[in-house]
Novice: 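This structure is in structure tokens; I'll ask about it shortly.
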Protein chains: 2
Amino acid sequence: MANLTVGENCGELQVALDIIVGKWKPIILFHLMENEKLRFSELQRAIPEITKKMLTSQLRELEYNDIVHREVYQQVPPKVEYSMTEYGHGLTPLLVSMRSWGTEHLKHLKELHGEDNEEQEGKAGSN
Amino acid sequence: MANLTVGENCGELQVALDIIVGKWKPIILFHLMENEKLRFSELQRAIPEITKKMLTSQLRELEYNDIVHREVYQQVPPKVEYSMTEYGHGLTPLLVSMRSWGTEHLKHLKELHGEDNEEQEGKAGSN
DNA sequence: TCAATTGGTTTCCTAAAAGTAACTAGGTAT
DNA sequence: ATACCTAGTTACTTTTAGGAAACCAATTGA
């Protein structure tokens with residue numbers, strides 16, 4: 001992981017970030033945090049906008065990182081269940097903290113900029 | 001912000017994520033957390049690999065979100081100082097927690113996969 | 001007169017992330 | 001015989017993030 005050399009101390013933060021960024025990972029994780037076990041198709045139904053490809057790839061990355069467990073039942077039609085690992089549950093407090101901070105920040109932003117301008121959202125629009 | 005409708009409860013997490021993702025934001029934030037005030041050029045020197053364009057855009061987003069303050073001195077050659085806002089300091093615990101978690105996770109990954117395979121790093125290499 | 005200074009902006013380009021849609025296996029129900 | 005089911009994979013396209021390099025303005029110092 002090349003970014004480890006970037007900063008004196010922030011490579012580790014990137015490690016944490018890498019696990020939860022990816023447009024779909026947070027919502028996948030919250031569903032798994034709330035549900036104990038979910039089949040592939042249940043996740044698909046819970047997150048209708050996600051494609052199979054994305055769901056698969058995000059789950060595989062989470063599996064690689066030992067955050068979720070993948071249980072394959074040898075039967076037809078196939079059945080695969082996903083669940084948080086014991087280790088993965090250690091991520092929960094962080095996720096919850098981030099969500100709380102985000103909730104407060106939304107309010108803060110509305111006070112600052114008003115809730116009208118839904119366009120720019122801080123991405124410094126030009127370029 | 002379209003993602004607010006994605007999940008019942010994870011849009012807020014995305015809000016938090018949006019602020020700290022971006023290849024350079026964490027390191028910028030850590031420098032500002034440690035330094036009280038830094039000029040644009042000091043940040044450039046502190047993070048040599050970053051381009052002006054990236055530094056500018058990341059700082060602007062942080063400024064929009066009231067995390068950093070931008071102070072312009074009307075003089076030539078220009079002088080601009082960046083610092084964490086009071087509000088921005090509220091982000092520090094989260095950043096520190098994420099870094100800690102990342103540090104531990106690196107160890108965990110090495111136990112699982114060994115420290116040899118530096119290639120894939122969980123991005124599920126095929127496609 | 002001309003280079004050096006700072007804090008940018010602008011245009012163009014590449015690489016990575018994400019989306020679309022078609023295809024697959026193998027057993028079951030019609 | 002054929003359509004349907006699940007949990008994917010594959011090939012291709014679009015979108016977004018990020019990078020390289022040139023340009024700029026106003027003043028100072030040589």
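Every chain is numbered from 1, with letters handed out A, B, ... down the list of sequences.
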Novice: Taking 4.0 Å as the cut-off, does a side-chain nitrogen or oxygen of B:Arg70 come that near to OP1 or OP2 on C:dG8?
Specialist: yes
Novice: Taking CD from A:Gln14 and P from D:dA17, how many angstroms apart are they, rounded to a whole number?
Specialist: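 Distance check: A:Gln14 CD to D:dA17 P gives 15 Å.
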Novice: Rounding to an integer number of Å, can you tell me how far A:Glu71 CD sits from D:dA7 C1'?
Specialist: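 To the nearest whole Å, that distance equals 15 Å.
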Novice: Grab the CD-P distance between B:Glu42 and C:dG8 for me, whole Å please.
Specialist: 13 Å
Novice: Is the closest basic N to carboxylate O distance between A:Lys107 and A:Glu104 below 4.0 Å?
Specialist: yes
Novice: Would you tell me if any nitrogen or oxygen in the side chain of B:Ser41 comes within less than 4.0 Å of OP1 or OP2 on C:dT6?
Specialist: no
Novice: Separation of A:Ile47 atom CD1 from C:dA18 atom C1', in whole Å?
Specialist: 15 Å
Novice: Evaluate A:Tyr87 against A:His69 for ring-ring contact (aromatic ring centres under 6.0 Å, His included), listing each step before the verdict.
Specialist: CA-CA 10 Å; A:Tyr87 175 77; A:His69 172 68; over 10 Å; no
Novice: Looking at every non-hydrogen atom in both residues, tell me the closest pair between B:Leu109 and A:Tyr64 and how far apart they are.
Specialist: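 In terms of heavy atoms, the two residues are closest at CD2-O, 4.0 Å.
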Novice: Roughly how many Å is it from CD in A:Glu81 to C1' in D:dT6, rounded to a whole number?
Specialist: 13 Å
Novice: If you only use heavy atoms from C-beta on, which nucleotide in D:dT9, C:dG19, D:dT6 is closest to the side chain of A:Trp24?
Specialist: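 Of D:dT9, C:dG19, D:dT6, C:dG19 is nearest to the side chain of A:Trp24.
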Novice: A:Ile50 has an atom CD1; how far is it from atom C1' of D:dG8, in whole Å?
Specialist: 13 Å
Novice: Base, sugar-phosphate, or nothing: which does B:Thr51 touch, judged by heavy atoms less than 4.0 Å apart?
Specialist: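 Here B:Thr51 touches the backbone only, sparing every base.
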Novice: Want to settle it: does A:Pro77 or B:Lys79 sit nearer the 5' end of DNA chain C, counting the closest nucleotide to each?
Specialist: B:Lys79
Novice: So, does B:Lys52 get its side chain near the phosphate of C:dT6, meaning an N or O under 4.0 Å from OP1 or OP2?
Specialist: no
Novice: Atom CD of B:Gln75 and atom C1' of C:dG8: how far apart are they, to the nearest Å?
Specialist: 15 Å
Novice: Just to be sure I understand the rule, does B:Tyr73 reach a base, reach only the sugar-phosphate, or reach nothing, if contact means heavy atoms closer than 4.0 Å?
Specialist: nothing
Novice: Would you mind telling me which of D:dG19, C:dG19, D:dG8 lies closest to the side-chain atoms of A:Lys53?
Specialist: C:dG19
Novice: Can you work out whether A:Leu59 or A:Val76 has the more 5'-proximal nearest nucleotide on DNA chain D?
Specialist: A:Val76
Novice: Can you tell me if the side-chain N/O atoms of B:Arg39 get under 4.0 Å from OP1 or OP2 in C:dG7?
Specialist: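 For C:dG7, OP1/OP2 do have a side-chain N/O of B:Arg39 under 4.0 Å.
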Novice: Would you say A:Thr103's side chain and B:Glu12's backbone share a donor-acceptor pair under 3.5 angstrom?
Specialist: no
Novice: So, is A:Lys23 near the phosphate of C:dG19, with a side-chain N or O under 4.0 Å from OP1 or OP2?
Specialist: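 Answer yes for this pair, as a side-chain N or O of A:Lys23 is under 4.0 Å from OP1 or OP2.
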Novice: I'd like to know if the side chain of B:Lys25 and the backbone of B:Asp18 have a donor-acceptor N/O pair within less than 3.5 Å.
Specialist: yes
Novice: What integer distance in Å separates A:Gln44:CD from D:dG8:P?
Specialist: 10 Å
Novice: Taking only side-chain nitrogens and oxygens of B:Arg60, does any of them come within less than 4.0 Å of OP1 or OP2 of C:dT9?
Specialist: yes
